[in-house]
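This report concerns only the one structure given below.
Chain A is the first sequence line, chain B the second, and so forth, proteins listed ahead of strands; every chain is numbered from 1. All values below come from the heavy atoms of this structure, side chains included, with hydrogens, waters and symmetry mates left out.
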Amino acid sequence: MKKNLTKFFYFSVIFIFCLSFLSCTSVNEKSFILATTTSTQDSGLLDYILPVFEKETGIKVKVVAKGTGEALEMGKRGDADCLLVHAKSKEEQFVNDGYALKRYDVMYNDFVIVGPKEDRAQIKSTGNDPLLAFKKIYENKVAFISRGDESGTHTKEKEIWKKLNINIKGEWYISAGTGMGAVLKMADEKKAYTLTDRATYLSMKDKISLVILVEKNPILYNQYGIMMVNPKKHKIKEKEVQTFIDWILSDKTQKLIGEYGRDKYGQSLFIPNAKK
Amino acid sequence: MSVRICNIQKTYNSKRVLDIENYHFKENYIYVIRGKNGEGKSTLLNIIAGIEKPDYGEVLYDFKTDCLRYDISMMLQKPYLFNTTVYENIIMGLKYRKINKNEIDKRLKRYCSYFKMGELMNKNAKKLSGGESQRVALLRSAILESKLMLLDEPTSSMDYENTLMAEKLILDMKNKGSTIIMVTHDMSQAKRIGDKIILLEDGRINYD
Amino acid sequence: MASEILPVIFLSLIVSFTSTFIASVIGISAAVPFSIKNFKLKKYILRINEVLMSMPPVLMGLIVYVVLSKEGSLGNYNLLFTPFAMIIAQTLLVMPIVFTLTVSSLSKVSVEIMKNCKVLGAGRFEIFISIINECRMQILSIITTGFGRAISEVGAVMMVGGNIKGHTRVMTTFIAFETGKGNFREAFIIGGILLFISLIVNTLIHCFKGEAE
C-alpha cells in the first residue's frame with residue numbers, strides 16, 4: 001500500500017511537470033499583447049469582439065488590462081505590441097515622442113457622473129453641466145471617489161478639476177487607485193459620487209444602486225484610440241498588430257462594436273467612429 | 001589494517017582534548033581505550049574514522065594517508081538508527097557496498113545468530129529500547145566485515161547476557177582478521193577481550 | 001462558466017506545481033549540504049534567506065517584471081506575460097522558504113545522520129539521499145508550505161502574468177479581477193475551489209504521515 005501511494009505520488013509529480021512543460025512551450029502560436037484600459041475589458045466589449053478576430057485570422061490577442069497610464073508605460077518599454085486606450089492628449093504626446101507611429105480613432109463612449117439617489121449635492125439640477133456639478137460636489141464637500149491611477153478616466157476627471165481651478169484636497173476626496181469596476185463598487189458602498197465611463201456603469205448597473213446624474217455633455221466625450229508600438233524602437237509583432245488594426249477599423253468590426261450591448265442594455269456602450 | 005597516529009592535536013573551546021605524538025595500532029589486535037569522561041576517547045575514534053578532522057597531524061592506514069571508505073566501519077556512541085525496519089538498518093552498509101542478495105542473506109544468518117533478533121527484524125528501528133538499538137548498531141557494523149572496526153561503548157546499555165554475546169562477536173571478528181579499537185568503561189570487559197588496554201589521560205596515551 | 005473556470009484552475013495548479021517543484025529541488029539540494037557544513041558566511045546567508053522569505057510578492061513581481069521586460073536584461077526572450085514568467089516569480093518566492101525551513105529543520109539531525117552513514121561506507125550522494133529520506137515528513141510539509149504560498153499568491157503573478165484570459169489568468173488573479181468588476185459570486189466559487197485544493201493537499205500529506213508511522 002505504502003509503496004503504491006509513493007509510486008503514485010512520484011508519478012503524478014513527473015506527469016504534472018511534463019504537462020506544464022508542454023503547456024508552456026506550446027505557445028508558439030501567432031499572438032500579440034494588447035495593452036488596454038480596464039474599461040474595455042470590464043465592460044465585456046473585448047470578450048465580445050475578440051473571438052471573432054481570433055476565428056478569422058488565427059491570431060490570439062493577449063489582453064493585459066491596466067489603467068491608461070500603465071498601458072502607455074508598457075508601450076514605452078516595449079512590453080506590449082498594441083495599445084487601445086482613451087486619453088487623447090497623452091496618446092498624441094506618445095506619438096510625438098516617437099513611441100508609436102500613428103494613432104487611429106476607433107470608437108467613443110461617454111463619461112457620466114454617478115452618485116447616490118439622494119443626491120445631497122443636488123448636481124442633477126445642473127442640467128447636465130459637469131463643470132457645475134463638480135463645483136457643487138466641491139462646495140458641499142460630499143464624498144467623491146477618484147480612480148487615482150493615471151487612467152483615461154482619471155485624466156478626464158483631472159481635466160475638469162483643472163478647468164474649475166479647484167485644488168482637490170480634503171477628506172471628501174478619495175483617491176482609490178484601482179479599476180473602474182472596483183471604484184463603482186466603492187462609491188456604492190460609501191454613497192459617494194464618481195466619474196465613470198458609461199459602458200462599465202451599464203454593465204454593473206444591476207449590482208449597484210448608483211444613478212446617472214450628469215450625462216451627454218461634450219466635455220464628457222471619451223475617445224478611444226489604437227496605436228501600434230513603434231516597431232523601430234522595440235521588436236514587436238508588427239504583422240499581427242497591423243492585421244488587428246486593419247480589422248478593428250474595418251466597417252464590419254465597427255458595426256460589431258456598435259451592436260455590443262444593445263440587446264442587454266437597450267443602448268450601445270461604444271459608438272464606433274473610425275475615420276476612413 | 002594497522003593504524004598509525006602522527007602528532008594529532010584537537011582543541012575544543014580552547015581546551016586541548018587530544019595531543020598524541022605517535023601511536024601505532026597493530027593489525028589484528030583488539031585495543032581497548034579507557035579514560036574519564038571528556039578525555040577525548042570518542043574524539044580519537046571519530047578522527048580515526050574520518051568523521052572529524054584533527055586541528056593538526058594525520059592518521060596513516062597501512063602506512064598510507066587515505067584508505068577505502070569501505071575498509072572502516074564504526075559504531076558511534078549514540079548510534080542513529082534509520083527510520084525504517086531493523087532489517088533495512090542492518091543491511092544498510094552492505095547496500096552501500098553493492099553486495100548481492102545471496103551474500104546479504106548469508107551474512108545476516110551468520111551475524112544475527114549472536115543475538116535473538118527474530119521478532120525484532122521487521123520492527124521500526126525508531127521504536128527500539130536502548131539495549132536493542134545497540135545490538136542493531138553493533139550488528140550493522142560487524143556485518144560489513146571491514147578491516148578496521150571502531151566501537152564506541154558498544155555494550156553500555158546491554159544486559160549481561162547480550163554483553164557476553166557481543167564480546168563473543170567482537171572476538172570472532174578479530175579471529176577473522178579485523179583490527180578492533182573500542183572504548184569502554186567496563187574494566188572487567190576490557191580485561192576479558194582486550195589484547196592491549198590504553199589509558200587516555202589529559203589527551204595523552206598512557207599504557208595501563 | 002465551466003469552460004472559463006477550468007483553464008484557470010488548471011493553469012493555477014500547473015504554475016504553482018512547477019514552481020514549487022523547481023524551488024524544492026534547488027532549495028533542498030542546497031539546504032542539505034548547507035545544514036552539514038560550517039563556514040564563515042553561513043550565518044549571513046541564512047539571515048538573507050530569512051529576509052527573502054518574507055519578501056512581499058509584489059516586490060518580487062516588480063523585480064521579475066523589470067528583468068523580463070523588453071528593456072530588461074532578459075527582454076529578448078519575450079517571457080513577460082507568459083506562464084513562464086509566473087513560474088519564475090513564484091519559484092523565486094518559494095525557494096527561500098523551502099531553503100530556510102529545510103535548513104532549520106535539518107540542522108539538528110543532518111550531521112548525526114551524515115556521520116552514521118559515513119561510518120557505514122556511504123558516499124556523498126548516498127548520504128544526501130539518506131538525509132532526505134530520514135526527514136521526508138518534515139520536507140514534505142515544507143514543500144506543502146511552499147505550495148501554499150505559491151498557489152495563494154496574487155501580487156507577483158498579476159504583475160508578470162498580466163491576468164490574460166485563457167493564457168495567464170490563474171485563480172487568485174481571477175478572484176481579484178472578478179471582485180473588481182463586482183462579480184462576487186464567481187469570485188467566491190473560485191475562492192471555494194482554492195480552499196478545496198488546499199484541503200486535498202493537506203489531506204494527502206496527512207495520508208503520508210499516517211503511512212510513515
Are the side chains of C:R169 and A:V63 in contact, using a 4.5 Å heavy-atom criterion?
no
If you compare all heavy atoms of C:F81 against all heavy atoms of A:D79, which two are closest, and at what distance to 0.1 Å?
CE1-O, 3.6 Å
Test salt bridge (Lys or Arg N to Asp or Glu O under 4.0 Å) applied to A:E70 - qualifying residues, sequence neighbours left out:
A:K66
Picking from A:L46, A:L50, A:D47, what satisfies side chain to side chain contact (heavy atoms under 4.5 Å, CB included) with C:K165?
A:D47
Quick check on the structure: residues of residues 52-60 of chain A within a heavy-atom distance below 4.5 Å of chain C, by number.
A:K60
Minimum heavy-atom separation for A:R77 to C:K70, with atom names?
O-CB, 3.1 Å
Side chains of A:K62 and C:H167: is there a donor and an acceptor less than 3.5 Å apart?
yes
With rounding to the nearest 0.5 Å, note down the distance linking NE2 in A:H234 to OG in C:S69.
8.0 Å
Step through the shown structure and confirm whether more than 12 heavy atoms of other residues, nucleotides or ligands are within 6.0 Å of NZ on A:K207.
yes
When rounded to the nearest 0.5 angstrom, what is the spacing between CG in C:N78 and CD1 in A:I33?
8.0 Å
Can you confirm whether C:F184 is buried at CZ, in the sense that more than 12 heavy atoms of other residues, nucleotides or ligands lie under 6.0 Å from that atom?
yes
Could you name the residues of residues 148-156 of chain C that have a heavy atom within less than 4.5 Å of a heavy atom in chain A?
none
Distance col, row C:T179:OG1 vs A:K185:NZ, nearest 0.5 angstrom, shows 9.5 Å
Identify the residues of residues 175-184 of chain A whose heavy atoms come closer than 4.5 Å to a heavy atom of chain C, ordered by number, or report 'none'.
A:G181, A:A182
